[in-house]
**Student:** 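Got a structure for you, written out below as structure tokens; questions coming shortly.
Throughout, protein chains are lettered first and strands after them, A, B, ... in sequence-line order, and every chain is numbered starting at 1. As the structure is a prediction and not an experimental result, all values here were calculated from the model.
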Amino acid sequence: MSKYPFNEIEKKWQKFWEENGTFKVKEDPSYPKEKRAYVLDMFPYPSGAGLHVGHPEGYTATDIYCRYLRMKGLNVLHPMGFDSFGLPAENYAIKTGTHPKITTEKNIEHFRKQIKSLGFSYDWDREVSTHSSEYYRWTQWIFLQLYKKGLAYEAETPINWCPDCLTGLANEEVKDGRCDRCGHQVERRNTRQWILKITDYADELLDGLETLDWSDSLKAMQRNWIGRSEGANVKFKLENSDDIIEVYTTRPDTLFGATYMVLAPEHPFVETITTKEQRKDVDKYIKDASMKSDLERTELAKDKSGVFTGAFAINPVNGEKIPVWISDYILISYGTGAIMAVPAHDQRDWEFATKFDLPIIEVLKGGDITVEAFTGDGPHINSGFLDGMGKEESISTMISWLEEKNSGKKTVNYKLRDWIFARQRYWGEPIPLIHCPKCGIVTVPEEELPVTLPEVDDFKPTGHGQSPLAKVEEFVNCKCPQCGTEAKRETITMPQWAGSCWYYLRYLDPENDERFLSKEAEDYWMPVDLYVGGTEHAVLHLLYARFWHKVLYDLGLVSHKEPFQRLVNQGMITAYSYQRPNKSLVPTDEVKESEDGSFVEIVTGEKVEQVIAKMSKSLKNVENPDDMIAQFGADSFRMYEMFMGPFQVSKPWSTKGLSGVHRFLNRVWNVATRELTDEKPPAELVKILHKTLKKVSLDTDAMEFNTAIAQMMIFINEVYKHDKCYRELWEPFVLVIAPYAPHLGEEMWQMLGHKEILAFESWPQWIEELTLDDEKEVVIQINGKVRSKMIIAAGTPKEELEKRAFENEKIISLTEGKNIIKTICIPDKLVNIVIK
RNA sequence: GCGAGCGUGGUGGAAUUGGUAGACACGCUGGUCUUAGGAACCAGUGCCUCCGGUGUAAGGGUUCGAGUCCCUUCGCUCGCACCA
């Protein structure tokens with residue numbers, strides 16, 4: 001394959017941009033508000049493995065978009081940084097003794113070099129790394145603002161604990177009962193924690209979604225996660241006691257059908273209400289439940305378990321005596337940790353009642369409750385004052401009744417839990433608090449920030465819920481800032497998500513050592529106009545960052561309620577893998593393509609099917625950007641990633657596809673090196689140019705990069721047939737291809753004799769008349785089927801079209817003797833003749 | 001189970017408001033040039049019983065006309081999951 005000198009060209013322009021500070025950006029007040037854009041990438045965690053092909057996908061998209069916006073005359077902020085606190089570096093430190101700071105900074109170095117090799121137009125002067133003390137000084141400062149606002153609290157509660165990462169996890173970090181990071185099964189464990197009251201912002205986080213230009217699926221994920229539900233809390237008096245059990249239900253209308261109650265095994269009342277006779281069974285059940293992990297509790301969901309406490313409660317609506325059971329299908333962390341069971345109209349209760357032979361009373365007509373619970377709508381029966389009413393009406397009627405009788409009230413519940421904001425590990429921001437024996441918890445004075453991480457030799461967590469910092473006496477022991485007594489520093493560190501909660505703000509003013517962010521910079525740039533990243537952060541980073549931003553807004557520190565106005569998720573880059581008939585996957589290097597295009601496993605000679613799978617080391621289908629850039633160049637690599645398919649959709653990597661794009665750029669180069677002429681180009685080429693300018697402009701604007709590239713290919717395929725390079729065509733084409741292939745673009749611009757670079761040239765405007773065809777191919781249909789075609793001058797009126805259609809020989813023969821019912825005529829498109 | 005989305009050639013994918021299905025690219029086939037090429041260039045390429053028919057997961061509907069709109073079914077992907 002012949003190669004244009006991409007290596008030389010790319011090095012040359014990267015050096016030029018760097019040395020000339022081409023993409024440094026200032027808060028220039030001469031740009032009005034609408035001529036400013038803040039385009040943000042999700043910054044990477046600098047792992048030891050380096051960049052994978054997924055990173056440059058989003059980065060290329062934003063880079064193209066930014067370069068396009070600059071040419072449209074906008075002042076564009078486009079920064080990059082590193083999310084550099086995190087477990088891998090720390091685990092590596094435990095294994096090798098190398099300080100995480102050393103590993104992290106080496107990795108950052110490597111990442112930065114790799115990112116730069118792709119020719120992105122970042123303003124590197126604004127780079128931030130979350131692990132640097134100048135940065136985390138302000139992360140700690142924001143934490144203090146949250147603490148002072150009463151949004152951070154200390155608690156010793158059972159939480160998700162990863163035995164491999166040796167740290168507590170937030171709810172959001174647990175997937176299918178396993179640690180999101182390492183896949184280990186999560187345990188329940190009582191550990192001291194710092195927790196942020198994200199639930200205080202549940203409604204704001206929910207309502208704010210309405211104002212955002214995000215995909216519906218992403219908004220749905222956040223809504224699901226917040227999980228708002230409306231219902232009622234209902235009070236049940238216990239028999240022979242003054243105690244009251246409160247339950248939460250979304251179906252207060254079914255109260256007449258409540259035949260028993262169930263408490264979570266951890267419910268505080270279990271201890272007091274259990275009768276002597278039942279004590280043994282209850283204690284055993286609680287012990288068994290506590291031994292189970294969350295995963296086991298859900299896995300066993302199919303078969304309900306439970307035990308009777310011996311106690312009875314009184315149904316407030318009819319005075320009926322109903323038994324109180326405990327079962328682990330009731331979660332202590334949701335609602336009140338207790339339910340009223342309505343087996344006729346709730347499938348879980350139905351299963352439980354069926355298993356333990358508890359009564360099932362139908363209170364809504366419409367289903368067959370001997371087979372399953374009926375959860376649909378219908379008229380109420382056996383329900384006193386609700387009889388005859390439908391679901392909605394009886395819910396509100398019942399709530400009014402309960403409120404009147406002081407037996408309950410309308411209640412809103414959320415699935416969202418408070419955020420466990422703590423890691424019992426070393427490599428994170430120390431929480432800037434001090435425990436004083438006299439004053440209690442005292443904040444570190446703001447002027448003493450940052451509380452820096454002490455140097456340690458042993459990074460190993462104690463495994464007893466203590467961070468390695470607890471062993472560092474010089475760090476732990478301090479004086480209380482209030483009373484001067486000997487006190488102890490907090491040794492829990494913040495989770496990795498802390499730094500990424502506000503990095504987009506620090507980019508605006510990265511050098512400021514007076515404030516976390518100046519008002520002026522915030523006013524100039526915020527909010528983020530376009531934020532691009534993967535879906536994996538749908539409920540983690542994006543929820544946490546929105547929460548912090550809302551707190552900062554309430555404190556008057558930022559001027560918008562939402563940080564990220566528009567968000568676009570890139571699709572994942574997957575890879576091909578091969579599957580045996582039994583569905584097991586075969587590593588790519590153990591498969592060969594046979595002559596008929598099918599794939600066989602080399603060892604067995606058996607046919608395997610080509611399927612799409614995630615890139616993984618074990619399947620040997622991971623592609624390394626460095627190799628691709630070395631072989632094809634950064635411009636080819638960038639352009640291929642954009643050509644693969646729609647940006648938001650996941651798509652499989654194909655190195656053959658990359659070589660196709662590379663071939664295209666070779667052809668571009670070939671044209672660029674032809675004899676340059678100021679002659680008037682042929683009219684048909686001018687037409688294709690303007691069609692191309694239009695398509696590339698509209699598609700780039702809409703981030704439909706794949707079709708923009710296809711149009712540029714069409715342009716080159718035509719131009720290629722002529723042996724000259726027409727300046728009139730080539731100058732605008734070079735300008736529109738430049739955001740996609742910026743190195744090649746600049747080089748060709750220089751070859752055209754320009755002294756100035758093209759990065760800030762104006763984007764070429766197409767001329768609409770020149771995009772229009774003079775002639776159109778119009779199809780003639782009979783009963784909707786294409787029977788003939790004719791070439792006709794564009795804009796030919798209906799009457800003329802019809803006349804021409806009926807003059808067509810084939811049409812004459814097909815319509816002869818037929819009854820013509822009507823004729824539909826769409827100018828420039830078709831004539832449809834309906835016959836019988 | 002709930003929520004979101006998707007099914008188009010051998011492959012990745014194109015198709016304004018419903019208006020010529022398969023743009024562009026990969027792969028494949030044939031040819032030209034070359035000492036050679038996994039280079040370059042040219043031509044062809046949905047399928048079939050090939051002057052015709054058929055075709056966008058399957059079936060039905062609306063319409064002069066459906067990949068696109070509506071209904072049913074099937075399949076796949078992602079997220080959540082005993083959330084009362």
**Student:** Taking any heavy-atom pair under 4.0 Å as a contact, classify A:Leu218: base, sugar-phosphate, or nothing.
**Tutor:** nothing
**Student:** How far does the C1' atom of B:C50 sit from the matching atom of B:G13, given to the nearest Å?
**Tutor:**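 Pairwise C1' distance, B:C50 against B:G13, rounds to 28 Å.
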**Student:** Under 4.0 Å, counting only non-hydrogen atoms across every strand here, what does A:Thr249 touch: a base, just sugar-phosphate, or nothing?
**Tutor:**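 It contacts sugar-phosphate atoms only.
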**Student:** Rounded to whole angstroms, how far apart are CD1 on A:Ile226 and C1' on B:C80?
**Tutor:** 13 Å
**Student:** For A:Tyr576, answer base if it contacts any base atom (sugar-phosphate contacts may also be present), sugar-phosphate if it contacts only those atoms, and nothing otherwise; contact means non-hydrogen atoms under 4.0 Å.
**Tutor:** sugar-phosphate
**Student:** Among B:C41, B:C24, B:A14, which nucleotide has an atom closest to any side-chain atom of A:Ala710?
**Tutor:**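 Nearest to the side-chain atoms of A:Ala710, counting from C-beta on, is B:C24.
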**Student:** Taking a pair as Watson-Crick or G-U wobble with both distances under 3.5 Å, which nucleotide is matched to B:A36?
**Tutor:**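 Because no pair has both required distances under 3.5 Å, B:A36 counts as unpaired.
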**Student:** Nearest to the side chain of A:Ser217 - B:G19, B:C80, B:A4?
**Tutor:** B:A4
**Student:** Identify which nucleotide among B:A21, B:A84, B:C24 has an atom closest to any side-chain atom of A:Asp346, counting heavy atoms from C-beta outward.
**Tutor:**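 That would be B:A84.
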**Student:** Report the residue (A:Lys695 or A:Val661) whose heavy-atom-nearest nucleotide on RNA chain B is the more 5′ of the two.
**Tutor:** A:Lys695
**Student:** To the nearest Å, give me how far apart NZ (A:Lys651) and P (B:C76) are.
**Tutor:**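 About 23 Å, once rounded to whole Å.
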**Student:** Should B:G9 be called syn or anti, with syn set as within 90° of 0?
**Tutor:**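 B:G9: syn.
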**Student:** Identify which one of A:Ile821, A:Asn783, A:Thr823, A:Asn819 satisfies the side-chain contact (heavy atoms from CB on, under 4.5 Å) criterion when paired with A:Ile835.
**Tutor:** A:Asn783
**Student:** What nucleotide among B:A23, B:C80, B:U20 has an atom nearest to a side-chain atom of A:Lys175?
**Tutor:**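 When the side chain of A:Lys175 is considered, B:C80 is the closest of B:A23, B:C80, B:U20.
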**Student:** When we call it a touch if two heavy atoms are under 4.0 Å apart, what does A:Asn706 touch: a base, just sugar-phosphate, or nothing?
**Tutor:**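 Since only primed, P, OP1 and OP2 atoms lie under 4.0 Å of A:Asn706, the category is sugar-phosphate.
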**Student:** With both distances under 3.5 angstrom, what nucleotide forms a Watson-Crick or G-U wobble pair with B:G1?
**Tutor:** B:C80
**Student:** Using the C1' atom as the reference point in each nucleotide, state the distance between B:U72 and B:C78 in Å, no decimals.
**Tutor:** 24 Å
**Student:** Which whole number of Å gives the distance between the C1' atom of B:C74 and that of B:U29?
**Tutor:** 36 Å
**Student:** Using purine N1 to pyrimidine N3 plus N6-O4 or O6-N4 for Watson-Crick, or N1-O2 and O6-N3 for G-U wobble, both under 3.5 Å, which nucleotide pairs with B:A57?
**Tutor:** B:U73
**Student:** Round to a whole Å and report the spacing from CD of A:Gln711 to P of B:C24.
**Tutor:** 10 Å
**Student:** Would you mind telling me which of B:G12, B:G19, B:A84 lies closest to the side-chain atoms of A:Ile330?
**Tutor:**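 Minimum distance to the A:Ile330 side chain belongs to B:A84.
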**Student:** Over how many whole Å does the gap from A:Ile782 atom CD1 to B:G19 atom C1' extend?
**Tutor:** 16 Å
**Student:** As a test of the definition: with a 90° window around 0 for syn, would you call B:C50 syn or anti?
**Tutor:** syn
**Student:** With rounding to whole Å, what would you report as the distance between B:C70 and B:U62 at their C1' atoms?
**Tutor:** 7 Å
**Student:** Considering only atom C1', compute the distance from B:A25 to B:G9 and round it to an integer number of Å.
**Tutor:** 14 Å
**Student:** Are A:Phe632 and A:Tyr640 near enough that their ring centres are under 6.0 Å apart?
**Tutor:** no
**Student:** Could you state the atom-to-atom distance from NZ of A:Lys829 to P of B:G18 in whole Å?
**Tutor:** 12 Å
**Student:** Using a 4.0 Å heavy-atom cut-off across all strands, classify A:Tyr720 as base, sugar-phosphate, or nothing.
**Tutor:**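 Contact class for A:Tyr720: sugar-phosphate only.
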**Student:** With a non-hydrogen cut-off below 4.0 angstrom, is A:Asn832 in contact with a base, only sugar-phosphate, or nothing?
**Tutor:**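 The residue A:Asn832 makes base contact.
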**Student:** Would A:Lys415 and A:Trp225 count as a cation-pi pair here, with the cationic atom under 6.0 angstrom from the ring centre and within 45° of the axis?
**Tutor:**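 Yes, A:Lys415 lies over the aromatic ring of A:Trp225.
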**Student:** If you only use heavy atoms from C-beta on, which nucleotide in B:U20, B:C24, B:C64 is closest to the side chain of A:Asn717?
**Tutor:**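 Taking heavy atoms from C-beta onward, the closest nucleotide is B:C24.
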**Student:** Give the rounded distance in Å between these two atoms: CG of A:Leu255 and C1' of B:A84.
**Tutor:**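 One finds 14 Å between C1' of B:A84 and CG of A:Leu255, rounded.
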**Student:** In whole angstrom, give me the gap between the C1' atoms of B:G7 and B:C51.
**Tutor:**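 Nearest-Å result for B:G7 against B:C51 at atom C1': 36 Å.
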**Student:** Fit a plane to each ring of A:Phe352 and A:Tyr260, take the angle between them on a 0 to 90° scale, and name the class: parallel (under 30°), tilted (30 to 60°) or perpendicular (over 60°).
**Tutor:**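 Parallel.
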**Student:** Count the heavy atoms of every other residue, nucleotide or ligand shown that sit under 6.0 Å from CG of A:Asp216, and state whether that count exceeds 12.
**Tutor:**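 Counting neighbours around CG of A:Asp216, 12 or fewer heavy atoms of other residues, nucleotides or ligands fall under 6.0 Å, so no.
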**Student:** Name the nucleic acid region contacted by A:Ile339, choosing base, sugar-phosphate or nothing; use a 4.0 angstrom heavy-atom cut-off, strictly under.
**Tutor:**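 Contact class for A:Ile339: base.
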**Student:** For A:Trp419 and A:Tyr544, take the angle between the two ring planes, folded into 0 to 90°, and tell me which bin it lands in: parallel under 30, tilted 30 to 60, perpendicular over 60.
**Tutor:** parallel
**Student:** A:Lys789 side chain: which of B:G19, B:G27, B:U20 is closest?
**Tutor:** B:U20
**Student:** Counting just side-chain N and O atoms, does A:Lys785 come under 4.0 Å of either OP1 or OP2 of B:U20?
**Tutor:** no
**Student:** Taking atom P of B:A39 as reference, at what distance in whole Å does atom NE2 of A:His662 sit?
**Tutor:** 12 Å
**Student:** Does a nitrogen or oxygen in the side chain of A:Ser229 sit under 4.0 Å from OP1 or OP2 of B:A84?
**Tutor:**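 Indeed, a polar side-chain atom of A:Ser229 lies that close.
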**Student:** Counting only Watson-Crick pairs (N1-N3 plus N6-O4 or O6-N4) and G-U wobbles (N1-O2, O6-N3), all under 3.5 Å, who is the partner of B:U63?
**Tutor:** none
**Student:** Classify A:Ser650 by what it touches in the nucleic acid, base, sugar-phosphate, or nothing, heavy-atom distance under 4.0 Å.
**Tutor:**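 Sugar-phosphate only.
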**Student:** Using a heavy-atom cut-off of under 4.0 Å over every strand shown, decide if A:Gln610 touches base, sugar-phosphate, or nothing.
**Tutor:** nothing
**Student:** How long is the line joining CZ of A:Arg228 and P of B:G3, in whole Å?
**Tutor:** 19 Å
**Student:** Please report the distance separating the C1' of B:C69 from the corresponding atom of B:G44, rounded so that it comes out in whole Å.
**Tutor:**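 It comes out at 37 Å once rounded to the nearest Å.
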**Student:** Please lay out, stage by stage, how A:Glu718 and A:Lys721 fare under the test salt bridge (charged side-chain N to carboxylate O under 4.0 Å, His left out).
**Tutor:** CA-CA 6 Å; A:Glu718 286 308 311; A:Lys721 293 173 187 162; 3.0 Å; yes
**Student:** Considering only heavy atoms and no angle criterion, is a donor-acceptor pair shorter than 3.5 Å present between the side chain of A:Lys415 and the base of B:C80?
**Tutor:** no
**Student:** Which pair of non-hydrogen atoms, one from A:Asp328 and one from A:Ala289, has the smallest distance, and what is that distance?
**Tutor:** CB-CB, 4.5 Å
**Student:** When you compare B:A15 with B:A23, how far apart are their P atoms, in angstrom units rounded to a whole number?
**Tutor:** 12 Å
**Student:** Would you please confirm or rule out a distance under 4.0 Å between OP1 or OP2 of B:C64 and any side-chain N or O of A:Lys822?
**Tutor:**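 Indeed, a polar side-chain atom of A:Lys822 lies that close.
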**Student:** Taking any strand in view, what nucleotide pairs with B:C28 in a Watson-Crick or G-U wobble way, both distances under 3.5 Å?
**Tutor:** B:G44
**Student:** Starting at the 5' end of RNA chain B, which residue's closest nucleotide do you reach first, A:Gly227 or A:Met221?
**Tutor:** A:Met221
**Student:** Measuring to OP1 and OP2 of B:C26, would you say a side-chain N or O of A:Arg663 lies under 4.0 angstrom away?
**Tutor:**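 So the side-chain polar atoms of A:Arg663 do come within 4.0 Å of the phosphate oxygens OP1 or OP2 of B:C26, strictly under.
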**Student:** Counting side-chain heavy atoms from C-beta on, which of B:C41, B:G79, B:G13 comes nearest to A:Arg667?
**Tutor:**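 Between B:C41, B:G79, B:G13, the one nearest the side chain of A:Arg667 would be B:C41.
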**Student:** When you measure from the centre of the six-membered ring of A:Trp214, is the NZ or CZ of A:Arg546 under 6.0 Å away and within 45° of the axis?
**Tutor:**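 Yes, A:Arg546 and A:Trp214 form such a contact.
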**Student:** Would you mind pulling out the nucleotide paired to B:A21, Watson-Crick or G-U wobble, both distances under 3.5 Å?
**Tutor:**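 By the stated definition (distances under 3.5 Å), nothing pairs with B:A21.
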**Student:** Could you check whether A:Gly660 gets within reach of a base, just the sugar-phosphate, or nothing at all, counting any heavy atom under 4.0 Å?
**Tutor:** sugar-phosphate
**Student:** Show, in sequence, the C-alpha distance, side-chain angles and deciding distance for A:Glu210 and A:Lys219, and conclude whether the salt bridge (charged side-chain N to carboxylate O under 4.0 Å, His left out) test is met.
**Tutor:** CA-CA 9 Å; A:Glu210 304 297 329; A:Lys219 286 188 192 181; 5.8 Å; no
**Student:** Output the single nucleotide from B:A84, B:C82, B:U17 whose closest atom is nearest the side chain of A:Lys304.
**Tutor:**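 From the listed options, B:C82 comes nearest.
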